[in-house]
Amino acid sequence: MTKKVRVRFAPSPTGGLHLGGVRTVLYNYLFARHHNGDFILRIEDTDQSRFVPGAEEYIFETLKWCGLQPDESAVHGGTYGPYRQSERKHLYKKYAEELVQKGWAYYAFDTAQELDEMRNRLRTDENPTPQYDHTVRMNMRNSLALSKEETNTLLQQNTPHVIRIKMPEHETVSFTDMIRGEVSFDTATVDDKVLLKGDGMPTYHLAVVVDDHLMQISHAFRGEEWLPSAPVHVLLWRYLFGEEAMPQWAHLPLILGPSGKLSKRDGAKYGFPVFAMNWQDPKTGETVEGFRERGFIPEAFINMLAMLGWNDGTEQELFSLEELVQKFTIEKVHKGGARFDFEKAKWFNHEWIKKLDAANYRNEVKILLEHNGLQLTDDQYLDKVLNAVKDRCTVLSDFWSQSYFFFKAPKEIDTTPVKAKWNEEKRSFFKNFSKALGSISDWSPATIEQVFKSLAEQASIKPGELQLPLRLMLVGGKFGPPVFDIAAILGKEETISRIDFAYDLF
RNA sequence: GCCGCGUUCGUCUAAGGGCUAGGACGCCUCCCUUUCACGGAGGUAAUACGGGUUCGAAUCCCGUACGCGGUACCA
């Protein structure tokens, strides 16, 4: 008997997809896959005024890059659509009205001014944020405080109103969190949350319960910031569909920045990305650099994110997405928040660049190199070069400085490291070496090195004294892979031509 | 203020009553290498505090402190 698992994630299209958001999707995804369940993605677009054009596409592009595509969603289809909140408006309305009929919720006609007034009146040092709760609701303009006739009149006049849940006065509501165990709340401390807003859109509280029921969600991971509103959701399940049918929740610990909760501004402040991909703030028009654009590869990004709140109990740190799916278990998810460390993130990227064959990220690097003015036609040659230098690349942009000399001869040669010790003997050595290279039939690093060393011996010069000059001739400076590897990749013609061009410059 | 959730090296973490609290990042030293790296060998550094329970506590219980979250017609 297999467990039927459906998990959901409801990203808001208004704020980009930052580290915490992607991690929530990731854990939902891993859990669903691990249990052969379905991964459903519902889109929050409740507040039309904040909806940003293109934001939904941005979310799907991010998930595609990460390899976390949902089985069912607004763009992938499925049997539980529609998946956009705005297209499910009628459903929420129906259930909200049902709650009012049953006496679990009520109409509230209070204007913004009236709410302000109430809060100002009740605000004290001990109670800095007065709530709309059982202590005040009978003094407000709502269907509990007003007579039936008054309420009906207001409704008939189309008076703007919301529907609020009627929280019990004093009751303990508890549920079992998959990560934290039993968590309980006193309903006296929870306010009468708005369920249906004045514009007919649901709040998260109503939407999440209705959708989870209709989409038959069995499990859901969400951020820890939702824990305090869990009692509202438990009650809604009890009133609407039965508490026993409620999905199981896991509230994930927060991801922290260098000081406190990780925020968008931390990125600018400390110089690291907080979004998976470039995100343009619709209000300011500013673009924040994403991990992708910073030169991270998805394998590393996902791996790094997965480890920020989970590990399998062993000392293994490098996991592919498939491995994560196999090994992910709820029991190993942490309770405490994790501070994001960019140095460690870069380490993951470096490891994955080394681990993967260059063909995996060749296209990204190619675009990067072409931006720098190179014209690349030979992918095979490109892969050879990238594999030769990948050990010294932490982010993809490092490939430029580590490999450009494989595609064009250095314009300037930094002769200073050897100038002082340069002499006529060395000059003639290179003249001879260049000639000798022309007759090599087996163009391999070992052969080139052999020719180099025997010639050096004949000239009675230590090979070590000659290796640096050779490097400078081939690449222009003190960097790059082993010299003979470079020569081998460059090819006979190019190597000879670079030496011939350079040995008179010293 | 009230409610909730947390707390092991600077950071991410392992150890779920019992060996000198283990690994990784970072930093430092050495080896390899006449480039820069990779790699290898070492080093540095932690159970927030105070009480219990127990032969024995990082681990279980209570309190304190600190951190974070919530307290909106935002999610």
Side-chain angles (χ1 to χ4, degrees), chain A residues 10-15 21 44 46-47 50 108 110-112 115 119 123-133 160-164 177 179-180 183-186 188-191 193-205 207-208 222-231 251 253-254 256 258 260-261 304 307-318 331-332 334-348 350-351 354 389-394 398 401-402 417-418 462-472 475 477-483 486:
Chain A
S12 151
T14 56
E44 300 272 1
T46 71
D47 189 339
R50 285 182 57 201
D110 316 275
T111 62
L115 291 172
R119 292 192 173 110
R123 183 173 295 125
T124 61
D125 285 349
E126 289 72 42
N127 184 15
T129 49
Q131 296 186 322
Y132 197 122
D133 60 16
H161 63 277
V162 301
I163 292 179
R164 307 186 91 110
D177 182 275
I179 296 172
R180 292 156 209 286
V183 182
S184 55
F185 302 84
D186 183 347
T189 66
V190 185
D191 63 335
K193 289 261 181 271
V194 170
L195 302 177
L196 201 69
K197 298 194 265 187
D199 63 0
M201 291 295 278
T203 58
Y204 173 84
H205 309 295
V208 78
R222 63 193 348 179
E224 194 182 8
E225 68 269 24
W226 289 109
L227 204 45
S229 47
H251 290 89
L254 266 20
L256 308 169
K261 188 188 161 195
M304 176 272 291
M307 305 312 284
L308 230 43
W310 175 89
N311 78 79
D312 74 341
T314 72
E315 283 172 3
Q316 182 176 351
E317 291 199 90
L318 263 24
E331 292 72 33
K332 293 289 185 181
H334 310 143
K335 292 184 175 75
R339 201 171 299 281
F340 170 69
D341 179 13
F342 191 46
E343 290 306 316
K344 186 88 184 219
K346 285 192 286 191
W347 175 79
F348 274 109
H350 192 18
E351 291 300 312
K354 284 189 288 177
V389 303
K390 65 182 184 182
D391 279 3
R392 54 209 85 201
C393 295
T394 303
D398 291 337
S401 60
Q402 294 296 338
V418 295
K462 277 188 281 181
E465 297 250 326
L466 297 163
Q467 268 192 40
L468 193 53
L470 176 59
R471 169 177 299 280
L472 298 179
V475 312
K478 291 173 68 170
F479 45 82
V483 246
I486 296 176

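Letters A, B, ... are given to chains in the order of the sequence lines, protein chains preceding strands, and every chain is numbered from 1.
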Sugar-phosphate or base contact per nucleotide [nucleotides 64-73 of chain B; S, B, -; heavy atom under 4.0 Å]
----SBSBSB
Selected nucleotide, minimal atom distance to A:Asp341 side chain, candidates B:G1, B:A24, B:G10
B:G10
Output all residues satisfying salt bridge (charged side-chain N to carboxylate O under 4.0 Å, His left out) with A:Lys335, sequence neighbours left out; order by chain, then residue number.
none
Please assess A:Arg392 against A:Asp398 for the test side chain to side chain contact (heavy atoms under 4.5 Å, CB included), listing each intermediate value before the final yes or no.
CA-CA 8 Å; A:Arg392 54 209 85 201; A:Asp398 291 337; over 6 Å; no
In terms of the nearest nucleotide of RNA chain B, which residue is placed more toward the 5' end: A:Thr314 or A:Arg180?
A:Arg180
What residues, two or more places apart in sequence or in another chain, satisfy salt bridge (charged side-chain N to carboxylate O under 4.0 Å, His left out) together with A:Glu126?
none
Is there a Watson-Crick or G-U wobble partner for B:G39 with both distances under 3.5 Å, and which nucleotide is it?
B:C31
Across all strands, who's sitting opposite B:G50 as a Watson-Crick or G-U wobble pair, both distances under 3.5 Å?
B:C62
Take nucleotides 31-43 of chain B nucleotide by nucleotide from the 5' end and write B, S or -, depending on whether a protein heavy atom sits under 4.0 Å from the base, only from the sugar-phosphate, or from neither.
---BBBBSS----
Qualifying residues under side chain to side chain contact (heavy atoms under 4.5 Å, CB included), relative to A:Arg339, sequence neighbours excluded:
A:Leu256
Glycosidic class, syn or anti, of B:C19 using a 90° window around 0:
anti
Would you check if the side chain of A:Lys390 reaches a backbone N or O of A:Lys354 as a donor-acceptor pair within less than 3.5 Å?
yes
Side chain of A:Asn127 - closest among B:A24, B:G1, B:U13:
B:G1
What nucleic acid atoms does A:Phe348 come within less than 4.0 Å of, heavy atoms only: base, sugar-phosphate, or nothing?
nothing
Just to verify, what does A:Trp347 make a side chain to side chain donor-acceptor pair (under 3.5 Å) with, not counting sequence neighbours?
A:Glu351
Can you name the side chain to side chain contact (heavy atoms under 4.5 Å, CB included) partners of A:Ser401, sequence neighbours left out?
none
Applying side chain to side chain contact (heavy atoms under 4.5 Å, CB included), can you list everything that pairs with A:Val208, at least two apart in sequence or on another chain?
A:Arg8, A:Tyr204, A:Asp212, A:Arg222, A:His233
Under 3.5 Å for both donor-acceptor distances, Watson-Crick or wobble: does B:C74 have a partner, and if so which one?
none
Would you please name every residue forming a side chain to side chain contact (heavy atoms under 4.5 Å, CB included) with A:Asp312, sequence neighbours left out?
A:Trp310, A:Thr314, A:Gln316, A:Phe319, A:Lys327
Pick the nucleotide of RNA chain B nearest each of A:Ala10 and A:Leu227; which residue has the one closer to the 5' end?
A:Leu227
So if I take every side-chain heavy atom of A:Ser12 and compare against B:A75, B:G4, B:A15, which nucleotide ends up nearest?
B:A75
